[in-house]
Visitor: 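Have a look at this one before I ask anything.
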Amino acid sequence: MEFQLSRIDLMTVGSTSMKSMKVLPNPPNAKKMVQRVAVADHSGVLTCFQMKRSETVVDFKTLPGPKVERLELGGAKGSLQEKIFVSSGSEVRGFTKRGKQFLMFETNLSDSIKSMFVSGPDLHITGQYIYNMYTNCQDTHFYLSCDKINDMIGIPGTGKDIFPVLGCQDRVLRVLSGSELLYEAEVPGSPETLALFDIMSGFGHNNLIYGTKDGIIGLCTVNKDNPCHRWEIANSNNLGGITAIDTYDVNNDGVSELVIARDDGTVEVYSISEGQPKLITSKNVSESITSIGAGLITSAGHADVVVATYPGHVISLTSQVKSHVAQNIISPSAKTKLDDLKKDIEDLKRQVLAEREKYQKSAGSDSAISAVVKFHVNDKFTLNPVDANYLLSIEIQMPIENVLLQCDVPIDLLDVERNSAVVSHSACDPEDKNYLLATYRCQANTTRLDVKVRSIEGQYGTLQVYITPRIQPKTCQLKQYQIKPLSLHRRTHIIDSERPMNTLKLSGKFSLGEVHSWIGYCIPEVPDKCPSGESITMFFQSTFLDTQLECNYRQGAVEFRSDNISTISILKDVITKLATQRKIAVNITYELNEESIPHSLRLIHPKLDEQLLLAKKVQLIDALKELSMHEPNLDFLSPEYKDIIQNADKLQAAFKLQPCHLERLYGMITDLYIDKFKFKGLNVKSKVPMLLEVLDNYELETLVDFFEISAV
């Protein structure tokens with residue numbers, strides 16, 4: 001059953017953190033009552049409100065304080081979970097639904113609480129790497145994770161047992177029992193958020209839903225022994241990462257639906273039909289969503305989805321018919337409230353104008369000092385594995401005036417469909433290590449900017465972003481992002497051992513921590529903290545070519561294995577440079593597998609063939625269009641030419657979305673050719689023009705034969 005969601009803005013608070021809003025449950029005997037919503041923001045204010053006669057009524061509101069990182073509901077086991085718990089720094093406070101504070105507990109955690117779960121007298125919390133459990137405010141269990149913890153949830157076991165599940169940065173779910181690790185479950189992406197879903201028929205209880213940073217949703221059944229993966233929803237539409245998940249019977253069909261929120265503002269509702277998810281509706285609120293819930297929010301007769309966004313807007317997406325919504329909005333009470341709001345806005349405009357004039361007069365004084373306005377930036381720089389590009393997302397609470405990007409290595413900026421900003425490029429001098437200088441000028445009331453960045457492996461440096469909001473006095477904030485040598489690689493759990501692999505071995509007097517920092521400098525998704533153990537193994541995969549990389553390292557020795565010789569060459573050059581900077585002597589040995597060269601070329605072949613064919617089709621469009629203008633009947637054309645005329649707009653759009661794609665592939669093949677003979681001690685740069693001639697008349701077997709010719 002498909003349906004539409006209509007937007008209603010409920011209230012505005014300060015900037016919000018992940019999972020800082022919850023819908024309070026109704027008692028079992030009062031299911032048709034409008035439910036309360038609790039939301040906490042960065043100013044430390046906890047607000048609990050409900051809707052009455054289409055108006056937002058605040059039940060209670062706390063005083064400002066430290067920034068709230070998390071909000072969870074709890075209560076005695078077997079009772080209604082309606083007590084509100086919020087975390088600020090390392091402190092946890094508890095409130096009743098009426099606003100009375102009954103708990104203030106200092107956990108003494110070394111860093112801020114990132115995630116929290118409450119079960120009766122048990123409080124489960126995590127920092128960046130640490131998990132702690134407290135029973136009646138007494139420390140009972142502790143666990144140190146080998147990678148960052150993104151989220152945590154508690155799985156009910158037999159009796160009173162609770163199995164905490166940690167969603168970690170290294171694409172692993174870690175299931176605990178007390179202070180012990182039961183097992184690890186591998187997932188296809190870095191889990192950003194976790195939620196329980198034990199209503200699905202046929203699967204029983206203990207169903208865990210995870211959402212990853214690259215937009216994948218999955219369901220697995222977690223028990224004491226091992227996990228069972230049920231299904232997975234790929235991010236085929238290239239949407240944002242998952243930020244929040246909830247379940248509720250949104251369309252009143254008696255079965256709970258899956259409600260998903262993404263960081264690009266998309267809300268999706270999935271029905272579960274025969275154990276498999278099906279998208280039934282979606283809505284975009286144009287702001288990054290931090291929390292999602294569902295319940296009877298605006299009316300006791302219709303279920304709503306309620307979201308909290310990063311800028312602080314609490315929005316209801318209601319399933320009521322639009323005419324009913326419109327009727328509520330234009331009711332006499334709403335009209336009176338609207339008139340009062342208009343008067344308040346006019347008064348505020350006059351006050352702002354008066355203060356602005358006062359500021360302009362005092363700005364010219366020698367004794368006047370301008371106060372710099374501080375603002376928080378919600379930013380992400382994530383690798384999209386589908387198109388092998390980075391997505392840079394910048395979001396602030398106030399409108400953005402412009403964003404300046406500067407980079408000291410060659411990168412390409414690609415268009416994003418939802419981006420309405422105007423971009424202008426300035427001339428740069430590569431000799432000064434300045435390859436990019438671009439300015440994005442945003443339209444009025446734009447609070448979010450998305451930019452796609454395409455990097456080149458082997459070229460590494462820093463991307464600097466200067467964000468200027470539309471405020472007075474003018475102020476700017478700088479954000480820096482590292483472009484790593486193997487920037488297009490991502491972590492994976494398994495590799496194909498049957499592939500032809502090249503090997504690079506380095507040995508010397510270096511510690512495990514030093515070699516770990518070198519690998520982290522070269523490759524994304526390497527933990528900041530060195531994992532425990534005498535030896536460490538990690539696997540990586542290229543998102544562009546699907547080539548593989550295996551890293552085995554311990555104190556004094558490291559071994560890299562890859563089916564791409566260019567990957568080995570980049571690691572050799574960068575790690576040698578890092579070791580030289582620290583005055584560490586490194587012994588280098590390598591083994592080349594000649595079969596890896598044609599193997600890599602065959603991996604590049606489909607992409608190169610597709611781009612060459614696309615370029616040829618685009619070149620024919622103008623001539624075919626001109627022919628169609630003079631010839632009324634085109635039956636004499638071949639089906640291929642007819643297809644080009646019919647799909648001319650799609651072909652040109654695809655060609656426009658992939659600028660410099662062909663040059664990028666040519667560069668990879670050229671690097672592969674140079675690196676092959678570099679390991680043999682030969683310089684073949686003089687033969688690159690001959691290689692380009694072969695590429696201009698591309699055939700795979702001809703190219704493979706060219707690589708096999710001796711450089712002598």
Side-chain angles (χ1 to χ4, degrees), residues 385 387-388 454-459 485-489 492 495-505 539-550 560-573 589-619 640 654-655 658 660-712:
D387 54 12
R454 173 178 290 160
S455 60
I456 303 171
E457 289 203 327
Q459 304 280 352
L486 295 177
S487 56
L488 301 183
H489 279 67
T492 187
I495 61 172
D496 183 5
S497 58
E498 300 298 322
R499 291 190 181 186
M501 305 292 274
N502 305 286
T503 304
L504 172 68
K505 296 180 180 179
F539 301 115
F540 300 89
Q541 185 176 30
S542 170
T543 57
F544 189 72
L545 292 181
D546 292 330
T547 55
Q548 301 173 160
L549 172 64
E550 178 183 350
F560 299 103
R561 299 176 68 246
S562 175
D563 54 341
N564 186 349
I565 196 171
S566 293
T567 301
I568 295 293
S569 177
I570 292 169
L571 287 168
K572 171 182 170 293
D573 294 342
T589 58
Y590 49 84
E591 298 175 8
L592 303 185
N593 191 328
E594 293 291 342
E595 293 298 321
S596 69
I597 304 299
H599 165 77
S600 298
L601 292 175
R602 289 187 178 92
L603 289 176
I604 297 174
H605 170 70
K607 299 178 183 293
L608 183 58
D609 195 45
E610 179 186 358
Q611 289 301 312
L612 289 170
L613 183 61
L614 178 62
K616 288 179 181 178
K617 287 182 177 180
V618 171
Q619 288 177 354
E640 180 185 356
F655 189 73
Q658 300 292 345
C660 306
H661 202 80
L662 201 57
E663 289 80 356
R664 188 185 192 188
L665 291 168
Y666 279 17
M668 288 184 173
I669 295 172
T670 303
D671 290 342
L672 190 68
Y673 181 68
I674 293 173
D675 291 335
K676 173 187 175 180
F677 291 100
K678 184 176 74 172
F679 278 101
K680 295 181 178 182
L682 300 173
N683 188 344
V684 293
K685 291 185 178 180
S686 60
K687 292 198 174 186
V688 170
M690 296 173 60
L691 174 62
L692 296 177
E693 288 182 12
V694 174
L695 291 173
D696 289 338
N697 303 284
Y698 174 72
E699 288 185 5
L700 177 59
E701 296 306 321
T702 305
L703 183 61
V704 172
D705 292 340
F706 182 84
F707 268 75
E708 292 177 353
I709 296 174
S710 173
V712 180

Visitor: If you measure from OG on S600 to NZ on K676, what distance do you get to the nearest 0.5 Å?
Guide: 11.0 Å
Visitor: Treating R664 as the side-chain partner and S455 as the backbone partner, does any N or O pair qualify as donor plus acceptor under 3.5 Å?
Guide: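 Between the backbone of S455 and the side chain of R664 there is a qualifying donor-acceptor contact (under 3.5 Å).
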Visitor: Do K607 and F544 form a cation-pi contact, if we require the NZ or CZ to be under 6.0 Å from the six-membered ring centre and within 45 degrees of the ring's axis?
Guide: yes
Visitor: Output yes when E594 and K680 qualify as a salt bridge under the 4.0 Å nitrogen-oxygen rule, no when they do not.
Guide: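 A salt bridge is present here (some side-chain N lies under 4.0 Å from a carboxylate O).
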Visitor: For I674 and K685, which heavy atoms make the closest approach, and how far apart are they?
Guide: CD1-CG, 4.1 Å
Visitor: What distance separates R499 CZ from S562 OG, expressed to the nearest 0.5 Å?
Guide: 9.0 Å
Visitor: Is there side-chain contact between S596 and M501, with heavy atoms separated by less than 4.5 Å?
Guide: no
Visitor: In Å and rounded to the nearest 0.5 Å, what is the OG to CD distance from S497 to E550?
Guide: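 Spacing of OG (S497) from CD (E550) equals 9.0 Å.
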Visitor: What pair of heavy atoms forms the shortest contact from I669 to L691, and how long is it?
Guide: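 Nearest pair, atom of I669 first, then L691: O-CD2, 4.2 Å.
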Visitor: Can you find a heavy atom in the side chain of F540 that is under 4.5 Å from one in the side chain of L486?
Guide: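 Not touching, per the 4.5 Å side-chain cut-off.
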Visitor: At what distance, to the nearest 0.5 angstrom, does CG of L665 lie from CG of L695?
Guide: 9.5 Å
Visitor: Which residue in the set T567, I565, I568 passes side-chain contact (heavy atoms from CB on, under 4.5 Å) when paired with L504?
Guide: I568
Visitor: Would you check, one step at a time, whether the test side-chain contact (heavy atoms from CB on, under 4.5 Å) holds for N564 with L603?
Guide: CA-CA 10 Å; N564 186 349; L603 289 176; over 6 Å; no
Visitor: What closest approach, in Å, do L488 and A388 show between heavy atoms, and which atom pair accounts for it?
Guide: CD2-O, 3.5 Å
Visitor: How are the rings of F706 and Y673 set relative to one another: parallel (under 30°), tilted (30 to 60°) or perpendicular (over 60°)?
Guide: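 F706 vs Y673 ring planes: tilted.
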Visitor: For a quick test of reading the model, state the closest non-hydrogen atom pair linking I604 to L545 and the distance between them.
Guide: CG1-CD2, 3.6 Å
Visitor: Drop me the distance from H489's NE2 to T547's OG1, to the nearest 0.5 angstrom.
Guide: 4.5 Å
Visitor: Decide yes or no on side-chain hydrogen bond (donor to acceptor under 3.5 Å, both in side chains) for D671 and S566, but give the supporting numbers first.
Guide: CA-CA 7 Å; D671 290 342; S566 293; 5.9 Å; no
Visitor: Are any non-hydrogen side-chain atoms of I597 and L592 less than 4.5 angstrom apart?
Guide: no
Visitor: Start with the C-alpha gap between K687 and F677, add the side-chain angles, then the distance that decides, and say whether side-chain contact (heavy atoms from CB on, under 4.5 Å) holds.
Guide: CA-CA 11 Å; K687 292 198 174 186; F677 291 100; over 6 Å; no
Visitor: Check D563 against Q548 and note the closest heavy-atom contact, atom names and distance.
Guide: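 Nearest pair, atom of D563 first, then Q548: OD1-N, 2.8 Å.
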Visitor: Strictly by salt bridge (charged side-chain N to carboxylate O under 4.0 Å, His left out), give each pair with a member in residues 695-704 just once, sequence neighbours left out.
Guide: none
Visitor: Considering all heavy atoms of both residues, which atom of K678 and which atom of S569 are nearest to each other, and what is their separation?
Guide: NZ-OG, 2.7 Å
Visitor: Could you tell me which residues satisfy side chain to side chain contact (heavy atoms under 4.5 Å, CB included) with V704, sequence neighbours excluded, listed by chain and number?
Guide: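 So V704 forms a side chain to side chain contact (heavy atoms under 4.5 Å, CB included) with P598, L601, L700, E708.
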Visitor: Any donor and acceptor pair, going by atom type alone, linking the side chain of N502 with main-chain N or O of N593 inside 3.5 Å?
Guide: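 At least one qualifying donor-acceptor pair exists.
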